[in-house]
Protein chains: 2
Amino acid sequence: MATQKTTTPTDPLTLEVVDLIGTVVARYHEEYEEAAGEHSLTGAQARLLSLLSLEPLPMRRLAQKLKCEPSNVTGIVDRLEARGLVERRPNPKDRRVKLAAVTEEGRRLARGLRESLDFAREPLAGLSREERLALRGLLRRMLEG
Amino acid sequence: MATQKTTTPTDPLTLEVVDLIGTVVARYHEEYEEAAGEHSLTGAQARLLSLLSLEPLPMRRLAQKLKCEPSNVTGIVDRLEARGLVERRPNPKDRRVKLAAVTEEGRRLARGLRESLDFAREPLAGLSREERLALRGLLRRMLEG
DNA sequence: TATTGTTATACTCTATAACTATA
DNA sequence: TATAGTTATAGAGTATAACAATA
């Protein structure tokens, strides 16, 4: 039978698109680390700080969001706390829990970091509104899969 | 004057696209690490092995491609060599240089790894040929930027 | 008993600086 | 003297296992 197997496509066009996505991913990461470094943060610290700038979170919850073990979060928060960017607050409802929260200085740094992340917006500047709409639609369909 | 400033766009559509790209990047990385882990490789080891599966390279060249210091490459190659996946060959033309090259087993593992990376192709399976062409065009324009 | 966060341990990746062997 | 690769060192992220405090 000439039925299409259920494997993923391997035609040249698809492979080229895969390669382009790989390039986008590589560039995004490079520039993310670079932006973090400009604020003397590691990538992990920048990600954690960005998360906390939205809302305080229990240590456990942070580990889930960062997809790492809770024991790692202890160290990352330790280092950010030593710099006065983050603090640990007790949770009166459940005294086992510690809420990690950004300080004012941490909030400022997180804002600066977000502004450094122009790299993700900048490449889009060359696209028209119609093109951005098209890109949004394609990315959405990719992610729904 | 009502001239457009040279800043990057911050309209809701653009920010939404930026967010979608961030999601693609996050998912790509997660699944890359996962695929590497299935072959008992770290992300760095998988990247280095994939590079070498194309052609042997001097240690220095590897460092450039991986965007890290040459001293790090020593360790990564050490660990891959200990597993018999990579070997160091002398370069008769310049005896200072060592060429890192995949072994047969390394080549097999690299192939398996590439096949595990279906995640990058799979989301594209739902797109038509026209959509993939459109996506290719948009990504190209983003990267030329 | 189960859960939250921490500590202890070990491994990998990372950059920096000093070293060696070639060139 | 300059370059390629290594070693030594130190800091950071990672997972695992054992632990204290609390539920």
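Throughout, a chain's letter reflects where its sequence line sits, starting with A, and its residues are numbered from 1. For the numbers below, each heavy atom of this structure counts, side chains included, while hydrogens, waters and symmetry mates do not.
The side-chain hydrogen bond (donor to acceptor under 3.5 Å, both in side chains) pairs that include a residue from residues 36-52 of chain A are A:His39-A:Ser116, where partners are two or more places apart or lie in different chains. Applying the side-chain hydrogen bond (donor to acceptor under 3.5 Å, both in side chains) definition to pairs two or more places apart or across chains, those involving residues 16-26 of chain B are A:Arg136-B:Glu16, A:Arg140-B:Glu16. Note on residues 84-96 of chain A: pairs passing side-chain hydrogen bond (donor to acceptor under 3.5 Å, both in side chains), not counting sequence neighbours, are A:Asp78-A:Arg88, A:Glu81-A:Arg88, A:Glu87-A:Arg89, A:Asp94-A:Arg96. Screening residues 65-76 of chain A for side-chain hydrogen bond (donor to acceptor under 3.5 Å, both in side chains), with sequence neighbours left out, gives no hits.
Residue B:Arg79 places at least one side-chain N or O under 4.0 Å from the OP1 or OP2 atom of C:dC13.
Following rounding to the nearest Å, A:Gln45 (CD) and D:dA12 (C1') show an atom-to-atom distance of 8 Å. Nucleotide D:dA4 holds its C1' atom 11 Å from the CG atom of B:Leu99, rounded to whole Å. Look at CD1 on A:Ile76: it is 18 Å from P on C:dC13, rounded to the nearest Å. One atom, CZ of B:Arg89, and another, C1' of D:dA4, lie 18 Å apart when rounded to the nearest Å. Note: CD (A:Glu30) to C1' (C:dT14) measures 16 Å, nearest angstrom. When rounded to the nearest whole Å, the span between CD of B:Glu81 and C1' of D:dT6 equals 13 Å. Atom-to-atom, CD of A:Glu33 to C1' of C:dC13 comes out at 12 Å; the value is rounded to the nearest Å. Counting to the nearest Å, the P atom of C:dT12 and the CG atom of B:Asp78 are 11 Å from each other.
For the side chain to side chain contact (heavy atoms under 4.5 Å, CB included) test, residues two or more places apart in sequence or in another chain that qualify with A:Ala46 are A:Tyr32, A:Ala36, A:Leu41, A:Leu113. Residues meeting the salt bridge (charged side-chain N to carboxylate O under 4.0 Å, His left out) test with A:Arg61, sequence neighbours left out: none. Here B:Val24 pairs with A:Ile21, A:Leu139, A:Leu143 under the side chain to side chain contact (heavy atoms under 4.5 Å, CB included) rule; sequence neighbours left out. B:Glu104 pairs by the side chain to side chain contact (heavy atoms under 4.5 Å, CB included) definition with B:Arg107, B:Arg108, not counting sequence neighbours.
Note on the helix from C:dT1-D:dA23 to C:dA23-D:dT1: angle between the axes of the first and last five pairs equals 10°, rounded to 10 degrees.
Separating the CG atom in B:Leu62 from the CG atom in B:Leu48 is a distance of 4.5 Å, to the nearest 0.5 Å.
Residues from residues 48-74 of chain B with heavy atoms under 4.0 angstrom of DNA chain C, sorted by number: B:Cys68, B:Glu69, B:Ser71, B:Asn72.
Across C:dG5, D:dG13, C:dT6, the shortest atom-to-atom separation from the side chain of A:Val97 is found for C:dG5.
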Its contact letters, B for base, S for sugar-phosphate only and - for none at protein heavy atoms under 4.0 Å, make nucleotides 18-23 of chain D read ----BS
Give every donor-acceptor pair under 3.5 Å between a side-chain atom in residues 125-135 of chain B and any protein atom, sequence neighbours left out.
residue  : atom : partner  : partner atom : Å
B:Ser128 : OG   : B:Glu130 : N            : 3.4
B:Ser128 : OG   : B:Glu131 : N            : 3.2
B:Ser128 : OG   : B:Glu131 : OE1          : 3.4
B:Glu131 : OE1  : A:Arg141 : NH1          : 2.9
B:Glu131 : OE1  : B:Ser128 : N            : 2.8
B:Glu131 : OE2  : A:Arg141 : NH1          : 2.3
B:Arg132 : NE   : B:Leu127 : O            : 3.2
B:Arg132 : NH1  : A:Asp11  : OD1          : 3.4
B:Arg132 : NH1  : A:Thr14  : OG1          : 2.5
B:Arg132 : NH2  : B:Leu127 : O            : 3.0

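Within the 4.5 Å cutoff, the side chain of A:Leu52 has heavy atoms near those of the A:Leu57 side chain.
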